[in-house]
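What follows is one structure encoded as structure tokens, with my remarks underneath.
So you know, we letter chains A, B, ... as the sequences are listed, proteins then strands, and number each from 1. None of these values were measured; they are calculated from a predicted model. Atom set for the values below is all heavy atoms of this structure, side chains included, hydrogens, waters and symmetry mates excluded.
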2 protein chains.
Amino acid sequence: MRPSLKQIANALNLSTAAVSKALNDYPDISLATKKIVKSYVKKVGYKANIQATYLRTQKTMTIGVILPDITNHFFLEILKGIMTQANKNKYTIILGHSKESEAEEKKLIYQFLQQKVDGILMSLAQDTSRFEHLNKVINNKTILVLFDKLARTINCSKVFVDDKKGGFKATQHLIKKGCTKIAHFRGDLNPQNSIDRYLGYREALSFHEIKFDPNKVLISRKGSVKEGYLLAKKLYESGIKIDGLFCVTDMVALGAIRFFKERKINVPNDICVIGFSKTMVGKFVNPSLSTVDQKASKMGKMAMKLFLSEEKILKTEKRLENQSLQLNTKLIKRESTSKVS
Amino acid sequence: MRPSLKQIANALNLSTAAVSKALNDYPDISLATKKIVKSYVKKVGYKANIQATYLRTQKTMTIGVILPDITNHFFLEILKGIMTQANKNKYTIILGHSKESEAEEKKLIYQFLQQKVDGILMSLAQDTSRFEHLNKVINNKTILVLFDKLARTINCSKVFVDDKKGGFKATQHLIKKGCTKIAHFRGDLNPQNSIDRYLGYREALSFHEIKFDPNKVLISRKGSVKEGYLLAKKLYESGIKIDGLFCVTDMVALGAIRFFKERKINVPNDICVIGFSKTMVGKFVNPSLSTVDQKASKMGKMAMKLFLSEEKILKTEKRLENQSLQLNTKLIKRESTSKVS
DNA sequence: ATAAATTACTAAATCGTTTTAGTTTATCTT
DNA sequence: AAGATAAACTAAAACGATTTAGTAATTTAT
């Protein structure tokens with residue numbers, strides 16, 4: 001059993017107050033006593049009980065992370081970034097999985113608030129359209145940092161990728177490969193990401209003076225492989241001819257490629273395909289998948305850093321101050337767009 | 001701000017004791033009072049402060065999970081299983097990432113013990129060869145459940161896959177496809193899993209009266225794609241001819257396949273390849289990869305259930321009682337072994 | 001009608017820290 | 001040498017719950 005402060009104090013013939021102060025480097029404890037206390041504490045392996053400490057300090061050194069999809073490699077890279085940064089700063093991560101559901105997300109937030117986390121870092125669920133639960137976090141004076149999938153209107157720190165520029169890069173890459181009839185399988189109408197990627201697509205078209213054709217834009221609600229397959233089928237059967245395809249996620253792109261393969265349509269020679277997100281899989285498939293890297297790990301790192309800087313400000317100024325961080329994407333060229341134009 | 005017990009008590013003209021007892025259904029509080037308290041508490045949204053509760057009950061309703069590799073799909077499926085089960089039982093998960101390092105693993109365990117988790121569910125790091133940190137968990141009267149990568153000698157609950165039978169199934173599948181010269185890229189010498197898969201390989205060979213050839217067994221230390229590629233190259237350049245290959249992980253198998261593709265060796269017609277673990281990728285590559293499914297999600301679920309049952313026993317009998325659970329694997333037949341024999 | 005038992009509470013201690021407000025002892029002024 | 005200052009502590013309250021022991025009021029037993 002770990003010793004308590006009281007036991008340490010008894011053993012050293014000091015008051016608990018003196019021991020506590022010595023450990024927290026209060027100026028009214030002599031250097032000699034501090035040395036004695038610290039060396040003894042080290043010897044017996046004493047560590048302050050976090051729960052007891054919380055009762056006075058209101059700090060748990062714990063942050064809650066909510067991911068919409070725990071089996072998605074992208075989010076795990078983010079999580080890795082967060083954890084590395086968190087550990088460096090002695091924070092513990094408690095993990096929540098919203099399963100892309102607003103209801104789950106809400107539950108998790110309430111759970112985390114009850115657990116008295118010092119902050120919540122999260123990406124919104126696909127589902128999420130109302131934001132009272134997020135405002136509750138802020139009103140609770142708990143630091144909130146949104147990453148990737150977020151809502152612009154929430155007054156908190158944010159890290160996100162420049163999706164519009166990413167969409168632009170992806171589309172422009174297809175254009176440079178000589179594609180002129182470029183379709184887009186966009187995400188759901190709601191989340192900002194899919195809107196921005198779509199806008200980037202449109203901007204690239206107009207920048208290169210290619211006429212926009214609304215019939216070439218289909219919506220993928222869940223972003224799954226299966227949906228990609230079905231959308232490709234739908235487009236194919238509608239008779240619309242394309243030579244390039246930009247998909248809102250790698251998974252959708254993989255589904256589309258699978259369909260094209262079935263119909264003996266060659267990727268990239270007949271149709272160039274590019275995804276978005278740089279999931280693990282894309283590297284191993286055949287043809288390997290071109291994509292837009294969102295720098296997931298950096299995003300996680302930055303989310304945690306935003307938390308830490310807010311925390312610092314909060315300690316001194318007692319008010320929340322937030323900032324937005326926009327990260328750049330990187331085009332990853334692979335076989336699925338390796339046509340010589 | 002959430003109200004405290006005291007505030008509730010004041011509002012209802014009761015003592016804090018009465019309110020606390022009412023909420024915890026003590027028999028010495030009248031039904032009428034309980035009703036009043038509960039409905040009021042619901043109205044104002046009171047939730048007991050977990051940290052304060054801990055101080056008396058020693059229960060945090062938190063369990064620590066340590067994964068060796070957070071970007072490995074297999075572990076994430078396990079985590080998903082654990083989390084689903086945990087949430088059902090009002091437990092919170094705190095997550096640790098050992099990065100396959102014993103030192104990190106040790107640190108995490110000490111951190112979790114300090115956090116006073118009610119239990120630790122973990123898979124050992126590749127690295128781990130000494131076990132004092134695990135024994136410290138047990139001596140601390142904290143429930144320990146090991147899953148997947150574990151040490152037989154530790155006296156705690158365990159969930160693992162019947163790797164030997166899995167290795168047997170994989171190898172037998174190759175044999176049934178007509179392969180007679182079957183190589184095995186095994187894992188490191190240490191962990192039980194790779195030993196068992198190797199033993200299953202040997203058993204299948206001898207069961208089907210195929211002579212074992214030690215030259216056909218190579219060791220992959222890290223289980224990476226790159227290593228798989230290099231081992232395949234090494235085997236190929238050594239001049240040893242094979243028509244079947246069983247790899248300790250899907251990643252190693254993918255690396256090997258990549259090499260065979262480069263040399264225009266057809267998979268499955270020239271060489272059948274099978275992996276182990278059912279990672280996401282295997283389904284999407286070309287040829288799609290046959291593998292042995294470890295039922296990761298079930299493993300997570302079971303690990304959590306073992307924890308819960310130990311917890312229950314501990315509450316009534318004040319002693320740890322552990323059990324081992326061995327799960328069966330499932331052969332997943334895909335293109336990489338789809339030769340007609 | 002009185003004692004015993006039961007019911008439905010309350011007071012106060014407790015968990016392990018931190019922190020405010022003293023208190024003692026030694027040191028410095030003048 | 002007396003008072004002021006500073007140094008180095010201690011006592012006790014506080015955080016927010018739970019729980020043991022005790023108590024008043026009511027009911028039951030005889």
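- Rounded to whole Å, the distance from CG on A:Asn24 to P on C:dT18 is 5 Å.
- Following rounding to the nearest Å, A:Asp25 (CG) and D:dA8 (C1') show an atom-to-atom distance of 15 Å.
- Judged by distance alone, the side chain of B:Asn24 and the main-chain N or O of B:Tyr26 form no donor-acceptor pair under 3.5 Å.
- If you measure from atom CG of B:Asn49 to atom C1' of D:dA17, you get 7 Å, rounded to the nearest angstrom.
- Among the heavy atoms of the strands lying under 4.0 Å from B:Asp28 is at least one base atom, whether or not backbone atoms are also near.
- Between the side chains of B:Glu311 and B:Tyr91, at least one donor N or O sits under 3.5 Å from an acceptor N or O.
- Atoms CD (A:Gln58) and P (C:dT19) sit 11 Å apart, rounded to a whole Å.
- Rounded to an integer number of Å, the gap from A:Gln51 CD to D:dC15 C1' is 13 Å.
- When the P atom of C:dT18 is taken as reference, atom CD1 of A:Ile50 falls 12 Å away, rounded to whole Å.
- Backbone-only engagement by A:Leu14 is indicated by non-hydrogen atom pairs under 4.0 Å involving sugar-phosphate atoms exclusively.
- For the pair A:Thr128 (side chain) and A:Leu124 (backbone), a donor-acceptor distance under 3.5 Å is absent.
- What separates NZ of B:Lys6 from P of C:dT14 is a distance of 17 Å, to the nearest Å.
- In the displayed structure, A:Lys301 atom NZ is contacted under 6.0 Å by at most 12 heavy atoms of other residues, nucleotides or ligands.
- For B:Ala17, whose side chain is taken as the heavy atoms from C-beta onward, the closest listed nucleotide among C:dT19, C:dT10, D:dA17 is C:dT10.
- Looking at heavy-atom distances under 4.0 Å, A:Lys47 makes contact with sugar-phosphate atoms alone, never a base.
- Nearest-nucleotide mapping onto DNA chain C: of B:Ser30 and B:Ala52, the residue sitting toward the 5' end is B:Ser30.
- More than 12 heavy atoms of other residues, nucleotides or ligands lie within 6.0 Å of NZ in B:Lys59, so this atom counts as buried by the packing criterion.
- A:Tyr54 comes within 4.0 angstrom of no nucleic acid atom, judged by non-hydrogen atoms across all strands.
- Between C:dT18, D:dA17, C:dC9, one nucleotide has an atom nearer to the side chain of A:Leu5 than all others, and that is C:dT18.
- Side-chain atoms of A:Arg56 lie closest to C:dT17 of the nucleotides D:dA17, C:dT17, C:dA21.
- If you check every strand for non-hydrogen atoms under 4.0 Å, A:Thr53 touches sugar and phosphate atoms only.
- Protein atom CG of B:Leu12 is 16 Å distant from nucleotide atom C1' of C:dA8, rounded to whole Å.
- Each of A:Lys21 and B:Ser15 was assigned the nucleotide of DNA chain C with the nearest heavy atom; the assignment lying further toward the 5' end belongs to B:Ser15.
- One finds no side-chain N or O of A:Thr57 lying less than 4.0 angstrom from the OP1 or OP2 phosphate oxygen of D:dC15.
- Side-chain atoms of A:Ala18 lie closest to D:dT10 of the nucleotides D:dA21, D:dT10, D:dT18.
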